[in-house]
Amino acid sequence: MERDSTAGGAEDLLLEDKVSKLASDHNHSAPEASDNIVHIKRAGSVHKHELAEAMEVEQEGLVEHQPLEQDDLNFEKWKPKPKPKRTLHEKIDDLKTYLWNAETKEFMGRSGKSWSLILLFYSALYIFLAAMFAGCMCCLMWSISPYSPTYNDRVMPPGMTMSPHVDVAHGFDIAFNASDQKSWKKYAKALEAHLKPYDDRVQDRRNIPCQGNTYFIQDDLGESAERKACQFKRSWLNECSGLQDRDFGYSKGKPCIIVKMNRILGYLPGQGTPINVTCGVKKGSTEGLEVKFFPENIFNLRYYPYYGKLRHVNYSSPLVAVQFSGLQYDTQLHVQCKLNGKGIINDSPTDRFLGSVSFTLEVGA
């Protein structure tokens with residue numbers, strides 16, 4: 001820095017000498033000397049300015065290339081300092097302060113006004129959502145009828161179910177020993193429970209006697225008017241009614257099953273011709289096998305159409321009881337019962353209950 005200042009001083013002395021020399025010649029040509037002095041001063045000031053800028057750049061370069069000090073290489077000082085461990089009492093005090101701050105009058109970090117605004121906002125929001133949902137449900141319920149579907153473009157053919165069905169895991173499998181009551185008692189109980197609503201007294205009280213084999217159309221009544229239902233009495237099932245034989249033939253090795261069609265609202269099966277039921281053996285020996293149907297192997301048309309639970313309150317689906325006799329002991333049979341008639345599908349590869357039902361039957365001595 002001293003060298004720079006000395007150089008600057010020398011430059012100033014040279015400028016002063018030139019100025020004095022030109023001043024001595026002032027008498028000879030005063031205007032020209034004056035102009036030369038101004039010119040020299042300007043050149044000197046520009047030269048000093050350039051020199052100062054160069055020195056500043058040189059100093060910056062020297063600073064950039066200076067070696068790091070030992071203190072700068074100590075990275076430990078840059079690591080975050082560990083927080084002091086807090087005692088349990090301090091944590092409890094902080095929790096109490098968070099729950100209720102007596103100084104700021106805040107509960108859980110919010111003032112009473114803030115909590116009021118939050119509660120007001122969410123109350124209004126959920127009231128609006130509830131009202132919108134209720135309005136949508138009202139519009140939906142107003143647009144549909146509780147008695148019949150609004151749109152019924154396609155009605156699938158009816159499915160078929162059977163009883164007894166006591167083991168859901170193994171499907172419709174019936175296996176028992178005629179001499180072992182414990183092995184077939186569950187089947188008899190299932191049939192008894194299924195036929196309870198078909199007791200003669202119950203049917204006489206709830207439904208009306210019907211004759212003929214034609215559809216029982218009641219469309220002339222009001223939409224909400226209750227429809228009458230035809231009687232189907234348990235006693236009509238004869239040997240499979242459980243009245244003559246409380247064991248439904250299982251104790252004699254002549255088991256009974258009951259099949260029925262699924263209910264479809266407004267469906268008219270058979271297109272004027274009753275749907276009939278057939279049962280056959282798909283796999284196994286049929287030697288000596290005899291199949292009986294009670295009361296007959298058809299579903300009478302007078303039980304159709306079905307008007308739904310709200311209007312057909314006491315409706316009883318017609319049943320067909322099937323009794324198997326002449327079975328060979330300890331021989332498993334694969335049996336299939338099918339619906340037959342117009343508009344019936346009983347050979348669907350994807351739905352085994354569409355128009356048919358299959359089960360295994362094995363009777364032991």
Side-chain angles (χ1 to χ4, degrees), residues 129-163 165 193-234 236-237 258-277 295 298-320 339-346 348 350-351 353-357:
L129 293 177
M132 184 174 65
F133 177 76
C136 292
M137 291 301 297
C138 288
C139 293
L140 176 65
M141 298 305 296
W142 175 76
S143 62
I144 62 176
S145 172
Y147 304 105
S148 61
T150 303
Y151 301 101
N152 194 11
D153 298 334
R154 181 182 180 188
V155 176
M156 289 293 293
M160 192 176 187
T161 58
M162 65 164 283
S163 181
H165 183 205
H194 186 75
L195 293 176
K196 201 67 177 177
Y198 292 89
D199 286 343
D200 290 7
R201 293 182 179 180
V202 176
Q203 291 294 314
D204 287 335
R205 184 174 69 254
R206 293 180 177 179
N207 299 329
I208 63 173
C210 300
Q211 301 294 331
N213 191 13
T214 57
Y215 296 125
F216 189 14
I217 305 295
Q218 304 178 65
D219 294 339
D220 55 335
L221 302 177
E223 183 182 27
S224 60
E226 182 177 343
R227 268 57 174 178
K228 297 179 180 179
C230 293
Q231 296 177 356
F232 190 96
K233 295 183 177 182
R234 178 177 180 173
W236 297 349
L237 300 179
I258 294 176
V259 297
K260 66 177 181 179
M261 287 196 301
N262 292 342
R263 299 177 182 181
I264 299 178
L265 196 144
Y267 181 63
L268 300 175
Q271 302 177 11
T273 303
I275 301 296
N276 66 80
V277 180
I298 66 170
F299 292 100
N300 200 291
L301 298 181
R302 62 173 173 261
Y303 298 99
Y304 304 97
Y306 171 61
Y307 287 96
K309 291 183 178 180
L310 294 180
R311 294 182 293 183
H312 240 154
V313 180
N314 298 320
Y315 179 80
S316 299
S317 298
L319 307 175
V320 172
L339 298 174
N340 303 281
K342 295 181 180 179
I344 297 297
I345 299 176
N346 55 23
S348 174
T350 58
D351 190 352
F353 297 110
L354 184 60
S356 66
V357 62

Heavy atoms of C210 and R302 approach each other most closely as CB-CD, 3.5 Å
For residues S317 and Y198, determine if any side-chain heavy atom of one lies less than 4.5 Å from a side-chain heavy atom of the other.
yes
Describe, in one word, how the ring planes of H312 and Y315 are oriented to each other, choosing from parallel (under 30°), tilted (30 to 60°) and perpendicular (over 60°).
tilted
From K228 NZ over to L221 CG, what is the distance, rounded to the nearest 0.5 angstrom?
8.5 Å
State whether the side chain of Y303 and the backbone N or O of Y215 hold a donor-acceptor pair below 3.5 Å, judged by distance alone.
no
Interatomic distance, M160 atom CE to L354 atom CG [nearest 0.5 angstrom]
11.5 Å
Under 3.5 Å donor-acceptor, S143 side chain and L140 backbone:
yes
For N262 and P158, work out which heavy atoms get closest and say how close.
O-CB, 4.1 Å
Give the C-alpha distance, both sets of side-chain angles, the deciding distance and a yes or no for side-chain contact (heavy atoms from CB on, under 4.5 Å) between F299 and V277.
CA-CA 8 Å; F299 292 100; V277 180; 3.4 Å; yes
Can you confirm whether N314 sits close enough to E226 that some side-chain heavy atom of one is under 4.5 Å from a side-chain heavy atom of the other?
yes
Closest heavy-atom pair, L319 versus F232, reported as atoms and distance to 0.1 Å, is O-CZ, 3.3 Å
CG of L339 to CD1 of I345: how many Å apart, nearest 0.5 Å?
11.5 Å
At what distance, to the nearest 0.5 angstrom, does OH of Y304 lie from CD1 of I217?
13.0 Å
Of all the heavy-atom pairs spanning P274 and N213, show the shortest one and how long it is.
CG-ND2, 3.1 Å
Does the side chain of L301 reach to within under 4.5 Å of the side chain of T214, using non-hydrogen atoms?
no
In this structure, CZ of R311 is separated from OG of S148 (nearest 0.5 Å) by 5.5 Å
Going by distance alone, is a donor N or O of one side chain under 3.5 Å from an acceptor N or O of the other, for Y307 and D219?
yes
Can you confirm whether P318 sits close enough to W236 that some side-chain heavy atom of one is under 4.5 Å from a side-chain heavy atom of the other?
no
Starting at CD1 of I298, measure out to CG of N340 and round the result to the nearest 0.5 Å.
12.5 Å
Any heavy-atom pair between the side chains of R206 and V313 that's under 4.5 Å?
no
Of D200, D199, N207, the residue whose pairing with Q203 passes side chain to side chain donor-acceptor pair (under 3.5 Å)
N207
Main-chain N/O of M261 paired to R263 side chain as donor or acceptor, under 3.5 Å:
no
Would you say that T161 contacts F353 through its side chain, given a criterion of any heavy-atom pair below 4.5 Å between the two side chains?
no
